[in-house]
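Keep in mind that the numbers below use all heavy atoms, side chains included, and drop hydrogens, waters and symmetry copies. Quick note: residue numbers are just sequence positions, from 1.
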Amino acid sequence: MKGEKLDLRDVRCPLALLMVKRFVKSHTSSCELTIWLTDPASKKDIVRFLERQSYQVNEQKLTGYYALVATIGNSSNV
């Protein structure tokens with residue numbers, strides 16, 4: 001499984017969500033996506049979007065930012 005990273009720590013919604021949607025649309029094969037965010041509203045919207053797409057999302061609160069790890073292409077939801 002291929003791993004990709006999106007550093008969106010300097011990006012706020014709605015642009016952060018649009019960037020994630022664009023990434024998901026362009027990557028049809030399975031991969032793991034790590035997203036770094038500082039904006040709590042962006043995190044909430046991105047997690048909601050990914051879960052509605054039946055992707056598994058694990059989130060961590062780190063010092064000064066959030067890390068989301070989404071398994072793209074996985075139909076199971078935790």
Side-chain angles (χ1 to χ4, degrees):
M1 185 178 292
K2 187 172 130 183
E4 299 283 341
K5 296 180 178 23
L6 281 177
D7 187 351
L8 303 177
R9 289 179 279 194
D10 293 331
V11 182
R12 296 207 177 275
C13 260
L15 184 57
L17 179 59
L18 293 173
M19 292 174 76
V20 171
K21 286 181 176 182
R22 183 180 299 155
F23 178 90
V24 169
K25 185 177 180 179
S26 68
H27 288 78
T28 56
S29 63
S30 295
C31 72
E32 185 175 273
L33 172 62
T34 301
I35 305 166
W36 297 303
L37 301 156
T38 55
D39 181 31
S42 296
K43 178 188 75 73
K44 181 180 171 183
D45 291 344
I46 290 168
V47 168
R48 186 180 310 132
F49 165 74
L50 291 171
E51 287 177 344
R52 284 185 181 162
Q53 301 300 313
S54 299
Y55 300 162
Q56 180 180 351
V57 181
N58 295 310
E59 47 184 288
Q60 294 180 336
K61 171 94 169 115
L62 303 171
T63 305
Y65 65 98
Y66 302 97
L68 304 177
V69 179
T71 305
I72 306 300
N74 187 343
S75 62
S76 66
N77 192 1
V78 172

Separation of K44 NZ from E59 CD (nearest 0.5 Å):
12.0 Å
Output every pair passing side chain to side chain donor-acceptor pair (under 3.5 Å) with a member in residues 12-24, not counting sequence neighbours, ordered by first then second residue.
R12-D39
Got a second to check how far L8's CG is from L17's CG, nearest 0.5 Å?
10.0 Å
Tightest non-hydrogen contact, residues A41 and C13, listed as O-SG, 4.3 Å
Show which residues join L62 in its hydrophobic cluster (side-chain heavy-atom contacts under 4.5 Å, direct or indirect), or state none.
W36, Y65
Taking T38 for its side chain and R9 for its backbone only, find out whether a donor-acceptor pair lies under 3.5 Å.
yes
Could you tell me which non-hydrogen atom of S42 sits nearest to which non-hydrogen atom of L37, and how far apart they are?
CB-CD2, 4.2 Å
Between NZ on residue K61 and NZ on residue K43, distance to nearest 0.5 Å
9.0 Å
Validation row: F23, I35 side chains within 4.5 angstrom (heavy atoms)
no
Would you call V24 and L50 a side-chain contact if the rule is heavy atoms closer than 4.5 Å?
yes
For L18, which residues count as a side-chain contact (heavy atoms from CB on, under 4.5 Å) partner, sequence neighbours excluded?
none
Hey, what do you get for CG (N58) to OG1 (T71), rounding to the nearest 0.5 Å?
6.5 Å
For V69, which fellow cluster members are found when Ile, Leu, Val, Met, Phe, Trp and Tyr are connected by side-chain heavy-atom distances below 4.5 angstrom, either directly or through intermediates?
none
